[in-house]
Structure formats: structure tokens, C-alpha cells
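In what follows, a structure is listed as C-alpha cells, so that the remarks can point back to it.
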Number of protein chains: 2
Amino acid sequence: MAVSVREVAAAASVSVGTVSNVLNRPEKVAPETVARVLAAIEELGFVRNDAARQLRAGRSRSIGLVVLDVRNPFFTDVARGAEDRAAEDGMTILLGNSDDNPDRERSYLDLFEEQRVHGVLISPRSDDLPRLERARSRGVPVVLVDREAPDRSFSSVAVDDVVGGAMAVRHLVESGRRRIAFVGGPSSIRQVADRLEGARLAAAETPGITLEVVETAGTTVLEGRAAGEAIRDRAPEYRPDAIFCANDLLAVGVLQALIMLGDLRVPRDIALIGYDDIDFAQAAVVPLSSIRQPAWLIGYTAVDLLLREARDGPDFEPEQVQFQPELVVRDSTGR
Amino acid sequence: MAVSVREVAAAASVSVGTVSNVLNRPEKVAPETVARVLAAIEELGFVRNDAARQLRAGRSRSIGLVVLDVRNPFFTDVARGAEDRAAEDGMTILLGNSDDNPDRERSYLDLFEEQRVHGVLISPRSDDLPRLERARSRGVPVVLVDREAPDRSFSSVAVDDVVGGAMAVRHLVESGRRRIAFVGGPSSIRQVADRLEGARLAAAETPGITLEVVETAGTTVLEGRAAGEAIRDRAPEYRPDAIFCANDLLAVGVLQALIMLGDLRVPRDIALIGYDDIDFAQAAVVPLSSIRQPAWLIGYTAVDLLLREARDGPDFEPEQVQFQPELVVRDSTGR
DNA sequence: TCTACGCTTTGAAACGATTCACGACGAACG
DNA sequence: CGTTCGTCGTGAATCGTTTCAAAGCGTAGA
């Protein structure tokens, strides 16, 4: 059924070795022979079998990427950055999304290991570092995305979420807000926990500021809407005067609840700030203030580190790249 | 370096065949032996080499999916549907995005063929059907997503974009609009062309309706903003009183240009309707009317067809599934 | 005691591309 | 004319898993 090098070789009256050379090192083969082999390939419709290739090579030409949620534009931007850098070296990205589920995360890791990927990029949900250690000890480079290893044992590309969280709350406080609510969860997600920590630090800087936590089960628009409805339905005196959402998706949901399904005004009654500065933040009902992260660059840099680690082998020195978040002020916090 | 079945076999004092059986048909092996082999696997840290597995099996356990743009939430939803259905059969989705670039589309197809994927889902940009024919003739099932084959020679899952386009314009006309602009492009994208065709049909139904086409180079928020700015900057008498965008991303961009960067009011000055009904449509500055498509279901169904085709072999009868679009009215068309 | 049967296990063959030591050939050189 | 060198091409060995015909072994029935 499938056409193999052997048949191509027969058709072109050369050996299989020559066919392989035409495919991989054409300059080593006489031009005339190259032409003959290419003609045979064309005629027979030969397509290289990547599995056989990989088997021989020992590893594949792809890189695994596990993200928390593909539906979040932030992560698709990261993926694009990764894809672009990978393409420069003729590599491919295998994209998996864990949905913040440790089992899914693990199953993607297993899958990637079986595929003998060139390396794994992961924004690990849980603190399953031992597992990552093991992968690495098997020779699979691992780069942490959007998260740093506690002991700097892994390379990582991250943005300081504690600083970002503090930025957001400091901005709210400076705009005159006092009763702040943090909407986000679950706290098992590192990003969420860090942003909250930053928020706490910033809140503590000024006396009289209260910081309440409204925990959500996830970070989607839907969950944001639910949290927003809960806040909207409180008696006015129990409502916060500002909300900081762990990401823009949540903020969009909160916005829907407050404005569209309720009759609160943003920012008059409640100020709102999100995180990630996705494309839609700017076009929201009330343009959303947010904390911007260089998503594309994160992905690009992560693959870059990964490839360097793969090249240098086990004596590679892990490297931590840290980007700084940036405050983007729009109407939702009362410009 | 890497641990192979051979070493596991040696460690457990069995043959390689038995190790393989433990992995694939444990019920055929004596329980005690299974335990011994599993212990050896655990101890040596054995990980199956998928390349070798595939080489033997002849094809991989993944399905290729080429989408036009991963940044469009519509397509990530399709991808999620596909992933969910694939997972039911222990398969994986390989995601590639063509960016509406025929070269990229082709290179992903090549890649998938080399990987010996189980099949390919594609929303083909160009009319490169011959290429798809060829892939299929090599035994790779192909299912068209969001597009139908002219001659019904391929299975497909689609939504009738002509009907959807007509729906949108009919709604605008019924709301009292007369001078309609269609924003979208390039027309080489089938979805864009079809939606425009539907728009033309609907416009022709009522005398006195004009339909102008504002062609864009792509379907992103950015391009929408550019088109919106061009329209905004016209003298009032040359402005349309309604805009139909080929997708929600464009509509969001137009919205930004009209309202945030300009001072036109939606829907008072101009009504606006998009397409896809992505999550953000509802939370836009002015909640966006749109034409909804069952994205997740499209992906799910496409994989389902694909797997059926793979099972039934070459005598499979191509099947066309067609979903109906649905009008969602929100403020942007003046509810 | 012998045959038949079922349950386990065995191990060589196969999948297809790549590699590499080696051979063939011709040209250049002394 | 013999030697050396360079260019091309060869084909067996290899990667790791799965498959499958066959064999080993114990038990039950004849």
C-alpha cells in the first residue's frame, strides 16, 4: 500500500541509501541521480514515514506545550509565539490543554514522553515537580511557562504575577477605592495565587483598605458572571467599590453581570480591573483596565530556551527569564 | 539511554513478546507475570516509544486539524469539540493554523501525511481539492470542516453560511436599515464569500436596499478597526446605516473604531451585526448581535465522521452534515 | 499410557528510514 | 604505468514495538 524508500530506490535504479541521501543531503549526490530519484518520488507519490524517521533518530521534531486553557486568548498568543520560534528550526508544537486538571496534565505529559518530544513547555498546574524532574532525567528538556521553579532547577519564562497583582490593587487604591474584592480561583492555580498575594501586599500598604476574596471554581467568562451576580445581588453597603479579577475572562463575565444583567455602573459604582490585556479588553462594554503581559514573547522565548537546553545537553545551566507586567488604564477604573 | 522492552523483558525474566502482551492485552497473561513485568517497568522507568509503535501499526493515533485562525474563539471551540470526540477513542488532535495562507495549509498537510495521521480535518482555504483527493487516495480520510465539497465527494460538517448571511441582512432590513455595508475579506475565504452572497440575496429581496462591500485583508480585530475607521471618517451622507461583519472579531474592531476612537453611536447612527457569536460578543461595548454557529458540535461531529470513515475504509459513503445558523439579537442592532 | 486441549510464553520477522564502513570508478599526479 | 585521492553509490545493520506461528506444559478424557 504505502510507498517506501525501497520502492523508490527500485524505480530509480539506485540503492535505498542513495534515496535517503537525496532526501537529506542532496549535495552529496550527483545532480543527475538526484533528478532521477526525485522523479521516481513524484511518480510513485512517496511520502516519508515520520515514525520510521523518528525511530531511527531517537526523538521527534516536535515540542509539547501544555497550557491551562486554550480558550483564553492569552494562551493562544503564547502558543503562537512558541509556534513561530519552533518553525524557525523546522519544529512543530503539540498543543494540549489541561483545563486545570492534574489528570489531564499528567496524561499529556505521558503522551509527550511516548512521542519522544524534543522538550516540554508547561505552565504546571500543580506542584508536580517530581514528575517534571523525572522527565528531565530521561533527557527531555523542560521549560516552565508563566511560572518559576521554586529552586531555580528549571528554566522558566514568567511574568512576575505578584508584582502584577500589586500593580492592579495599587492602581485601584490610588483611584480612591477602599473596599476591594478579588475575584479568582481556584487558588491551586499558581497565577491566581500569586496575583492575590500581590493584591494583599498592596492592600496592606495603605491603612483602611479591605481586601475580600471571592473564590471562583475556574477562570472563564461564565464563572466571572456568576461571581459578578453574587456581588451585584448584595445589599449596597456590603458591596465592594472595586473588583480585581484574576484574568480578563473573569472580568468580562463580571462586567456582564454588573451592567448587562444588573444596573450597576462601572466605574461609578464599582471599578473593575482584569489581567492579561487580551484583545477584547479594549472593546468591552466598558473598556477594561488590565495588566498586560507579553504573551507572544513568552512563548517565543520559552521555545528558544528549550532549544538551547536541548542543544547543550545535560550540563545546561537553567535560566530564568522574567518579564515585567504593565498597567493599562482604561475606562473601567475611571480614567 | 532509553529503556526498551528488551531490557524490561530481561529484568522480568520473560520474553519481549510477553512484555508487549502485558502492555496491550494483559488479560492474556498470567496475573503473576503481569505483576512482575509491571514491577520491572516501574523500576526501570520504561516509557513506550510511540514512533516504534506507529511504525509497526502503520498509522498514528492522532488526527490533524487545520484551522484558519486559532486566535478566533470560534475555531478553538471547534478544536475543543474535536478533541473531546477524539479522546473518546484514545486519539489526539494535532492542531495547525493556516492563517489563511495556502503555503502554510499545504505544509501542515504534508506534515500530517508524514505523520501518518488517522485522518485530516480541514476548513480548506483555497480550492486545493486535488491535493485533498490525493491525500484520500493514499488512504487518509479527509473531512471538510465549515465548508462543503462542491461535488459532495468529501464528508463535511458545515453551517450554511449563505443562509446565515441572509439572516443577518434580513434582520438589518427589518430593523429599518437601508444602506448596508458588508465588512470582510479576503473573498478567497469561502466563509466570507458565502456570507456575502447571502447578504446580497437578502438585500435584493427588498427594493431600495443598497449593499456596499468594504473588503478587508483578513478577519482580525485589527483589520476590523481599520475598516471601521475608514467608514467613520467618511462624510455622514456617505456612511452606511448598518454594518454586517463577516465575523465577530471584525465587528469588535469596527466597534472600537466607531465608538471608542470615534463618536458615532451604535445602533443609533449605525447598526452592527457580527458572525459566530463568540463569548465576547455579549460583553462588547455595545452587546453585539450575531449569527450563532454550534462550534463545539461542529468539531465533535467532524471527528465522529472521520472515525467512521476510517473504520469503514474506502467504500465509505461521504456524508454531509449541515447545521443551521441562528440569529442572536442584542443591542447593537437596536433591540 | 496416550492424545487432545487450553493456557502461557516464546522469539524471530516485520515496519521504513538512516547511517556508515566500504567499494567502484576516474582523474590527477609523479 | 602505478599510486593516491576524491566523488558517488552501496547495502547491511539498526532503532523499539508488535505480531503470530509454534512450542511448552499441565490436565482431563479415552
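It should be emphasised that the depicted structure is a prediction, and the values quoted were computed from it without experimental measurement. Keep in mind that the numbers below use all heavy atoms, side chains included, and drop hydrogens, waters and symmetry copies. Every chain is numbered from 1, with letters handed out A, B, ... down the list of sequences.
- Atom P of nucleotide D:dT17 and atom CZ of B:Arg59 are separated by 22 Å, given to the nearest angstrom.
- In terms of phosphate contacts, B:Arg53 brings a side-chain nitrogen or oxygen within less than 4.0 Å of OP1 or OP2 of D:dT18.
- With D:dG11, C:dA17, D:dT18 as the candidates, the nucleotide lying closest to the side chain of B:Leu23 is D:dT18.
- Between the P atom of D:dT19 and the CG atom of B:Asn21 lies a distance of 9 Å, rounded to the nearest Å.
- Taking 4.0 Å as the cut-off between side-chain N and carboxylate O, B:Asp103 and B:Arg106 count as a salt-bridged pair.
- Put simply, CD on B:Glu7 is 8 Å from P on D:dG16, counting in whole angstrom units.
- Looking at heavy-atom distances under 4.0 Å, B:Arg6 makes contact with a base.
- The side chain of B:Ala52 has D:dG16 as its nearest neighbour among C:dT9, D:dG16, C:dT18.
- The only member of A:Arg131, A:Arg138, A:Arg104 that meets salt bridge (Lys or Arg N to Asp or Glu O under 4.0 Å) when paired with A:Asp110 is A:Arg131.
- When the C1' atom of C:dA17 is taken as reference, atom CZ of A:Phe46 falls 8 Å away, rounded to whole Å.
- Take the nearest nucleotide of DNA chain C for B:Glu27 and for A:Leu55: the residue whose nucleotide is more 5' is B:Glu27.
- Among the heavy atoms of the strands, none lies under 4.0 Å from B:Val19.
- Side-chain N/O atoms of B:Arg116 include none lying less than 4.0 angstrom from OP1 or OP2 on C:dG16.
- Atoms CG (B:Asp50) and C1' (D:dT18) sit 13 Å apart, rounded to a whole Å.
- Note: CZ (A:Arg36) to C1' (D:dC8) measures 12 Å, nearest angstrom.
- Residue-to-nucleotide contacts include a donor-acceptor pair under 3.5 Å from the side chain of A:Arg56 to the base of D:dT14.
- When all heavy atoms of B:Ser13 and B:Arg36 are compared, the closest pair comes out as O-NH1, 3.9 Å.
- Rounded to a whole Å, the NZ atom of A:Lys28 is 14 Å from the P atom of C:dA21.
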Inset, instruction - Assess whether side-chain contact (heavy atoms from CB on, under 4.5 Å) is satisfied between B:Asp100 and B:Asp69, documenting all intermediate values. - result: CA-CA 7 Å; B:Asp100 184 41; B:Asp69 178 13; over 6 Å; no

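- Side-chain atoms of A:Ser62 and A:Gln115, non-hydrogen and from C-beta on, never get closer than 4.5 Å to each other.
- For A:Thr33, a side-chain nitrogen or oxygen approaches OP1 or OP2 of D:dG9 to under 4.0 Å.
- Distances shorter than 4.0 Å separate some side-chain N or O of B:Thr18 from OP1 or OP2 on C:dT10.
- The side chain of A:Arg25 places an N or O atom within less than 4.0 Å of a non-bridging phosphate oxygen (OP1 or OP2) of C:dT19.
- Comparing B:Ala30 and A:Ser20 by the nucleotide of DNA chain C that holds the closest heavy atom to each, the one mapping nearer the 5' end is B:Ala30.
- Between A:Ser15 and the phosphate of D:dT10, there is a side-chain N or O to OP1/OP2 separation shorter than 4.0 Å.
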Inset, instruction - Given side-chain contact (heavy atoms from CB on, under 4.5 Å), test B:Asp50 with B:Arg61 step by step and report yes or no. - result: CA-CA 9 Å; B:Asp50 198 53; B:Arg61 286 169 7 269; 3.1 Å; yes

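- What separates CD of B:Glu113 from P of C:dG16 is a distance of 15 Å, to the nearest Å.
- Close to C:dT18, at under 4.0 Å from its OP1 or OP2, lies a side-chain N or O of A:Asn24.
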